[in-house]
Amino acid sequence: MSKVSLSGVCKRFGSHEVVSDINLEIGDAEFVVFVGPSGCGKSTLLRMIAGLEDISQGEISIDGTVVNDLPPSKRQISMVFQNYALYPHKTVRENIGFALRLAKVDKQTIRDKVEDVARVLELDALLERKPRQLSGGQRQRVAIGRAIVREPRLFLFDEPLSNLDAALRGQMRIEIARLHQRLKTTMIFVTHDQVEAMTLADKIVVLNKGQIEQVGSPMELYLHPSSRFVASFIGSPKMNFMKACVDSVADGSAHLLAAAGTALTCPIGTDHGLSRKDEVTIGIRPEDLSLGEQGLTFRGVAQVVEHLGAETHAIVEMPQNEVITAVLDGKSSVKVGDVLSLSAATDHLHLFDSNGKAIATRGRP
């Protein structure tokens, strides 16, 4: 069992509060990703769970035991950092087994455990090499192996893929996902990369300015973001936003006039607080736009066209200097200067109030 509970957790540096009133439950064997922009508090929160940062207020428990005053060595955790932190003069075998040596485990047990871990991470042919003889991905696997060999009840990853190139990041994401499936151990992973969050997580925790914006599965956050911040952070390319004004409200729907010159109706339910002339923001995912006039239609001029193989991204300027991105078929013949009509189904719209709070997401109030 490796459940983690955070209750009212805060972190202050002097009078500055960098993490504020965090309440979170992480289930046994869950893969949870903390995601958010730089400075949002995600690494600080991870370090408090690890015991590397003191807690200013609140309580952290692991498997029902409060660990606020326990040192990191007593929490039965392993942490993998952005910096591999390998001993350059030691071999892969010695780096992986170092913690077991410190714990005075007998040599044969160390040898067996290191070789088992090396097989899992496909490092068994590299055990006698030094770190300088390894690629970046191989070094990161050694760092992960050093964490695994201790058989912790909780794995913590602090942006472990940031130093790798794009191809290696993709490969390591797959390896970490497979590792979680094999070990069935609770993992908490910090990243600023929403692609890593979407592909790895059972549950994503979106942080902003030291507070939790939303917690949910990857698809829940993609389809039903609770705020404009979450909507803009989850999804690539990011969601399009357009200013609009409420023309009228009736029968659980709002009739809107978009700044781009389009009139539309959006379901908002009854608990919305909107009235005529209120300013709102319409959100549309780039992949929900298509060429043609089959539904809600926006017209504009293609300013930039990016051909990416399977997809074509068109950046389109509309009236009132509104700019939107559309993800089109990779075989699209669209070119710069074309006048485009882009349509979207109204049940794919998102609507946010003037404070950025979601009023309607993906067709539901």
Side-chain angles (χ1 to χ4, degrees), residues 3-4 22-37 40 42 45 155 157 159 161 169-170 172-181 184-208 211-241 266-269 281-290 295-296 308 310-311 313 324-329 343-353 356-365:
K3 295 181 180 180
V4 180
I22 299 294
N23 296 283
L24 181 65
E25 297 292 330
I26 297 172
D28 182 45
E30 267 193 321
F31 197 126
V32 175
V33 175
F34 295 168
V35 69
C40 70
K42 55 188 183 294
L45 188 58
F155 281 97
F157 295 86
E159 302 201 49
L161 310 185
R169 282 201 303 272
M172 285 303 300
R173 283 202 307 269
I174 294 170
E175 292 185 13
I176 290 172
R178 286 175 174 169
L179 187 65
H180 178 249
Q181 293 167 7
K184 305 296 183 186
T185 305
T186 307
M187 295 184 176
I188 305 175
F189 189 102
V190 163
T191 182
H192 63 272
D193 186 336
Q194 61 91 24
V195 174
E196 289 177 13
M198 291 290 286
T199 54
L200 286 171
D202 298 320
K203 182 163 70 183
I204 297 175
V205 180
V206 182
L207 291 156
N208 182 29
Q211 296 181 318
I212 293 177
E213 283 273 342
Q214 188 173 357
V215 179
S217 69
M219 288 311 296
E220 182 181 353
L221 269 59
Y222 175 82
L223 295 173
H224 306 295
S226 65
S227 67
R228 176 171 170 166
F229 176 84
V230 175
S232 66
F233 207 86
I234 299 297
S236 181
K238 71 177 184 178
M239 184 182 286
N240 296 301
F241 298 106
C266 184
I268 57 174
T281 301
I282 300 165
I284 305 176
R285 295 272 181 208
E287 52 272 31
D288 286 333
L289 290 165
S290 59
L296 176 65
L308 304 177
E311 297 176 345
H313 294 184
I324 63 173
T325 300
V327 175
L328 308 174
D329 185 270
S343 64
T346 53
D347 61 357
H348 287 177
L349 296 182
H350 301 254
L351 191 64
F352 306 93
D353 66 18
K357 181 181 179 182
I359 302 169
T361 63
R362 196 71 175 192
R364 78 180 190 194

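Values below: every heavy atom of this structure, side chains too, minus hydrogens, waters and symmetry copies.
- Between Leu349 and Ile284, the closest heavy-atom pair is CD2-CG1, 3.4 Å.
- Closest approach of Pro225 to Thr361, counting heavy atoms only: O-CG2, 3.1 Å.
- Interatomic distance, Leu161 CG to Glu175 CD, rounded to the nearest 0.5 Å: 10.0 Å.
- The two atoms that bring Leu308 and His313 nearest to each other are CD1-CE1, 3.4 Å, heavy atoms only.
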Margin query: For a side-chain contact (heavy atoms from CB on, under 4.5 Å) check, start with the C-alpha distance between Thr186 and Lys3, then their side-chain angles and the critical distance, and finish with the verdict.
Written below: CA-CA 8 Å; Thr186 307; Lys3 295 181 180 180; over 6 Å; no
Checklist line | Gln194 vs Lys238, side-chain contact (heavy atoms from CB on, under 4.5 Å): CA-CA, chis, key distance, verdict | finding: CA-CA 10 Å; Gln194 61 91 24; Lys238 71 177 184 178; over 6 Å; no
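- Looking at Arg285, its side chain never comes within 3.5 Å of a backbone N or O of Leu223 through a donor-acceptor pair.
- Between Ile188 and Val205 there is no side-chain heavy-atom pair separated by less than 4.5 Å.
- Ser226 and Glu213 make their closest contact through OG-O, 3.3 Å (heavy atoms, listed as atom of the first residue, atom of the second, distance).
- Considering all non-hydrogen atoms of both residues, Phe241 and Ala231 come closest at CZ-CB, 4.1 Å.
- If you take OG1 on Thr191 and CG on Asp193, they are separated by 4.5 Å, rounding to the nearest 0.5 Å.
- Rounding to the nearest 0.5 Å places CE of Met219 at 10.5 Å from CD1 of Ile204.
- Residues Asn208 and Phe233 are not in side-chain contact: their nearest non-hydrogen atoms beyond the backbone lie 4.5 Å or more apart.
- Atom CD1 in Ile268 sits 6.5 Å away from atom CD1 in Ile359 (nearest 0.5 Å).
- In this structure, Lys42 contributes its side chain and Pro37 its backbone to a donor-acceptor pair below 3.5 Å.
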Next item on the list: Take Met198 and Ile234, measure what side-chain contact (heavy atoms from CB on, under 4.5 Å) needs, and give me the verdict at the end.
Entry: CA-CA 8 Å; Met198 291 290 286; Ile234 299 297; 3.6 Å; yes
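- Note that the CG atom of Asp288 and the CG atom of Asp347 stand 9.0 Å from one another [nearest 0.5 Å].
- Checked by atom type and distance alone, the side chain of His350 never pairs as donor or acceptor with a backbone atom of Thr281 at under 3.5 Å.
- Arg173 is listed as a side-chain neighbour of Val195, based on a closest heavy-atom distance under 4.5 Å.
- A donor-acceptor contact shorter than 3.5 Å links the side chain of Asp202 to the backbone of Phe31.
- Taking every heavy atom of both residues into account, Leu289 and Ala344 meet most closely at CD2-CB, 3.9 Å.
- Counting only heavy atoms from C-beta outward, the side chains of Leu207 and Ile212 approach each other to under 4.5 Å.
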Check: Which is it for Phe352 and Met239 under the side-chain contact (heavy atoms from CB on, under 4.5 Å) test, yes or no, and what are the steps along the way?
Finding: CA-CA 12 Å; Phe352 306 93; Met239 184 182 286; 4.1 Å; yes
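- Note that the CZ atom of Phe157 and the NE2 atom of His180 stand 9.5 Å from one another [nearest 0.5 Å].
- Side-chain atoms of Gln214 come within 3.5 Å of backbone N or O of His224 as a donor-acceptor pair.
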